[in-house]
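Working notes, beginning with the structure itself.
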Amino acid sequence: MTTGQLIFISIFLACFLTAFSLRLLSGDSYCDRDKLPPLKSLRSDQFTVLINGYSESRIPIMKTVTGIYSSSPSVAAVVVLWGNPNTPTKTLVELSHNLSVSSPGDAPITVIRQTSRSLNARFLPRPWITTRAVVICDDDIEIDPKSIEFAFNVWRNNPEQLIGLFARSHEIDLVSRKWIYTVHPDKYSILLTKFMLMKTEYLYKYSCEGGEAMAKARLIVDEMRNCEDILMNFVAANWTGVGPVLVGAKRVRDWGDARNDGGKARRGLTDATDEVAVGLSSRKKDHRKRRGDCIHEFHRVLERMPLRYSYGKIVDDIGEQGLCEKGGKLVFCDQQLF
């Protein structure tokens with residue numbers, strides 16, 4: 001066998017393994033309704049998880065995160081949308097294989113290399129999504145299984161609204177007469193894509209509807225390299241006329257939060273490039289200002305402010321918070337038997 005033949009066979013095998021283990025997006029027909037499943041055919045008893053992946057240093061965390069989702073009986077599929085174009089194909093093929101092999105759950109886990117670095121790609125409609133709901137989430141958010149199920153149950157009772165675990169708010173600065181991005185203790189209007197559960201139809205509305213105004217808004221996301229989550233809140237609020245729904249969780253571990261101990265290594269940062277690209281928003285001193293600028297620009301190009309405030313949080317149980325004595329110790333009274 002000649003050297004040329006060996007090279008051809010090697011290339012063929014590499015292409016075959018890549019096609020088998022790593023699904024690649026191609027073409028620009030995401031908005032062709034004929035290539036998407038009919039809305040009536042989408043199943044409502046499960047949801048699809050779309051995890052945004054970028055940094056190879058977060059792969060160990062991703063194994064845990066994908067395993068938790070895959071183990072949920074309400075999850076139809078777990079898909080990692082890999083946005084780093086510099087990651088070797090071999091690495092992604094191995095990642096896809098390892099995530100599937102090591103998963104303790106039944107839902108399939110797949111890695112897809114995004115064809116674009118745009119954050120808007122998180123919300124592309126996908127022909128392989130067979131569920132009426134999707135979860136858009138980050139690769140460094142670890143949520144306990146019961147809270148995932150609880151959030152899905154809340155969505156089934158509020159299918160038009162965004163459901164999430166992390167909330168922020170918008171507000172008008174009367175001095176500068178500009179919208180700002182902030183946190184309120186008693187109200188919220190924005191849910192983050194750390195964990196955002198919504199109906200699949202919103203992917204189409206975000207990516208394919210809204211005409212020139214939405215095209216300009218998506219361009220702002222590309223220019224800012226930020227704020228795709230805020231724009232999705234605009235889309236949902238514009239459709240529903242109401243705010244999102246914040247739910248409580250038993251346990252949430254945010255490995256990407258800049259307040260974690262351990263510096264760069266704990267945040268998944270390995271070099272200067274990663275610091276720009278991974279967890280971009282949490283590493284910038286002007287984070288809130290930039291996010292406020294996004295709100296201001298979205299309002300300008302869309303010519304309306306659809307965001308609406310919501311109040312309170314939905315929790316899965318209500319226990320007494322009073323303290324009672326039990327065995328010589330003070331415990332919450334709902335742990336005491338009377």
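Note: hydrogens, waters and symmetry copies are ignored here, and every other heavy atom, side chains too, is used.
- A salt bridge (Lys or Arg N to Asp or Glu O under 4.0 Å) with Lys194 is found for exactly one of Asp139, Asp140, Asp254, namely Asp254.
- Linking Ile, Leu, Val, Met, Phe, Trp and Tyr residues whenever their side-chain heavy atoms come within less than 4.5 Å places Val78 and Val252 in a single cluster.
- Side-chain atoms of Arg168 and Thr182, non-hydrogen and from C-beta on, never get closer than 4.5 Å to each other.
- Salt-bridge formation is detected for the pair Arg291/Asp229: a Lys NZ or Arg NE/NH1/NH2 atom is positioned less than 4.0 Å from an Asp or Glu carboxylate oxygen.
- Formation of a donor-acceptor pair under 3.5 Å by the Arg132 side chain with backbone atoms of Leu42 is found in this model.
- Between Glu56 and Lys90 there is no salt bridge, since no side-chain nitrogen of the basic residue lies less than 4.0 Å from a carboxylate oxygen of the acidic one.
- In this model, a donor atom of one side chain and an acceptor atom of the other lie less than 3.5 Å apart for Ser74 and Glu149.
- Tyr202 carries Lys199 over the face of its six-membered ring, with the cationic atom under 6.0 Å from the centre and within 45° of the normal.
- Arg251 CZ: more than 12 foreign heavy atoms inside a 6.0 Å radius.
- Put simply, the side chain of Asn84 never gets that close to the backbone of Ser55: no donor and acceptor are under 3.5 Å apart.
- Sorted pairs that involve residues 182-201 and meet ring pair (Phe, Tyr, Trp, His ring centres under 6.0 Å), not counting sequence neighbours, are lacking altogether.
- Annotation: side chain of Leu50 is in contact with side chain of Ile129 (closest heavy-atom distance under 4.5 Å).
- In this structure, Trp155 and Val135 have side chains that are not in contact, with every pair of non-hydrogen atoms separated by 4.5 Å or more.
- The line from OG of Ser72 to CG of Asp106 is 11.0 Å long, rounded to the nearest 0.5 Å.
- Partners of Lys178 according to the salt bridge (Lys or Arg N to Asp or Glu O under 4.0 Å) rule, which considers only residues two or more places apart in sequence or in another chain, are Asp293.
- Using bins of under 30°, 30° to 60° and over 60° for the plane-to-plane angle, the ring pair Tyr309/Tyr311 lands in the tilted bin.
- Between the Ser100 side chain and the Ile109 main chain, a donor and an acceptor come within less than 3.5 Å of each other.
- Hydrophobic clustering of Ile, Leu, Val, Met, Phe, Trp and Tyr side chains at less than 4.5 Å, counting indirect connections, unites Trp128 with Val111.
- Atom CD1 of Ile141 and atom CG of Asn52 lie 12.0 Å apart (nearest 0.5 Å).
- Pairing each heavy atom of Ile314 with each of Val154, the nearest pair is CD1-CG1, 3.9 Å.
- Under 4.0 Å is where a charged nitrogen must lie from a carboxylate oxygen, and between Asp144 and Lys250 no such pair does.
- Salt-bridge annotation for Arg300 and Glu297: present, with a side-chain N of the basic residue lying under 4.0 Å from a carboxylate O of the acidic one.
- Remark: Lys205 NZ is packed, more than 12 non-hydrogen atoms of other residues, nucleotides or ligands lying under 6.0 Å away.
- Here the side chain of Ser207 pairs a donor or acceptor atom with the backbone of Phe123 at under 3.5 angstrom.
- Listed here is the closest heavy atom pair of Asn233 and Pro244: OD1-CG, 4.4 Å.
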Derivation of the side-chain contact (heavy atoms from CB on, under 4.5 Å) call for Val65 and Trp255: CA-CA 11 Å; Val65 172; Trp255 293 95; 5.7 Å; no
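- Taking the side chain as every heavy atom from C-beta outward, Thr87 and Leu92 approach each other to under 4.5 Å.
- Two residues are said to be in side-chain contact when any heavy atoms from C-beta on lie closer than 4.5 Å; Cys208 and Pro125 meet this criterion.
- When ring centroids are compared, His299 and Phe234 stay outside the 6.0 Å threshold.
- In terms of modelled atom types and a separation under 3.5 Å, the side chain of Arg33 and the main chain of Cys31 share no donor-acceptor contact.
- Here the closest non-hydrogen pair linking Ser147 and Ala249 is OG-CA, 3.3 Å.
- Note on Ile59: it clusters hydrophobically with Leu81, by side-chain heavy-atom contacts below 4.5 Å among ILVMFWY residues.
- Listed for the Ser70 side chain is a donor-acceptor partner under 3.5 Å among the backbone atoms of Ala107.
- The shortest side-chain heavy-atom distance between Thr200 and Leu203 falls under the 4.5 Å cut-off.
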Audit row: Met305, Ile172, side-chain contact (heavy atoms from CB on, under 4.5 Å) steps and yes/no: CA-CA 11 Å; Met305 172 48 70; Ile172 189 71; over 6 Å; no
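- Linking ILVMFWY side-chain heavy atoms closer than 4.5 Å, directly or via other members, places Val242 and Trp239 in two distinct hydrophobic clusters.
- No hydrogens or angles considered: a donor-acceptor pair under 3.5 Å links the side chains of Arg113 and Thr89.
- Between Thr115 and Tyr30 the shortest heavy-atom distance is OG1-OH, 3.6 Å.
- Side-chain atoms of Asn120 come within 3.5 Å of backbone N or O of Arg218 as a donor-acceptor pair.
- With sequence neighbours excluded, no residue satisfies ring-ring contact (aromatic ring centres under 6.0 Å, His included) with Tyr204.
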Thr66 and Ser103: CA distance, side-chain angles, deciding distance, side-chain contact (heavy atoms from CB on, under 4.5 Å) verdict: CA-CA 7 Å; Thr66 56; Ser103 174; 6.0 Å; no
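- Annotation: side chain of Phe152 is in contact with side chain of Arg156 (closest heavy-atom distance under 4.5 Å).
- If you take CG on Leu191 and CD1 on Ile163, they are separated by 7.5 Å, rounding to the nearest 0.5 Å.
- Atom SG of Cys137 and atom OH of Tyr69 lie 4.0 Å apart (nearest 0.5 Å).
- Within the 3.5 Å criterion, the main-chain N or O of Met224 finds a donor-acceptor partner in the side chain of Arg290.
- For the pair Met214 and Glu209, the tightest heavy-atom approach, listed with the atom from each and the gap, is CB-O, 3.3 Å.
- Screening Leu302, Leu119, Ile295 for a side chain to side chain contact (heavy atoms under 4.5 Å, CB included) involving Leu231 leaves a single residue, Leu302.
- Thr240 places no side-chain N or O within donor-acceptor distance of the main-chain N or O of Glu160, the cut-off being under 3.5 Å.
- Summarising the local packing, CG of Asn157 is surrounded by more than 12 heavy atoms from other residues, nucleotides or ligands at distances under 6.0 Å.
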Worked check of side-chain contact (heavy atoms from CB on, under 4.5 Å) between Glu228 and Thr193: CA-CA 9 Å; Glu228 80 285 0; Thr193 45; 3.8 Å; yes
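- In the hydrophobic cluster analysis, where Ile, Leu, Val, Met, Phe, Trp and Tyr join through side-chain heavy atoms closer than 4.5 angstrom, Val79 is grouped apart from Leu36.
- Arg122 places none of its side-chain heavy atoms less than 4.5 Å from the side chain of Met232.
- Listed for the Thr131 side chain is a donor-acceptor partner under 3.5 Å among the backbone atoms of Thr48.
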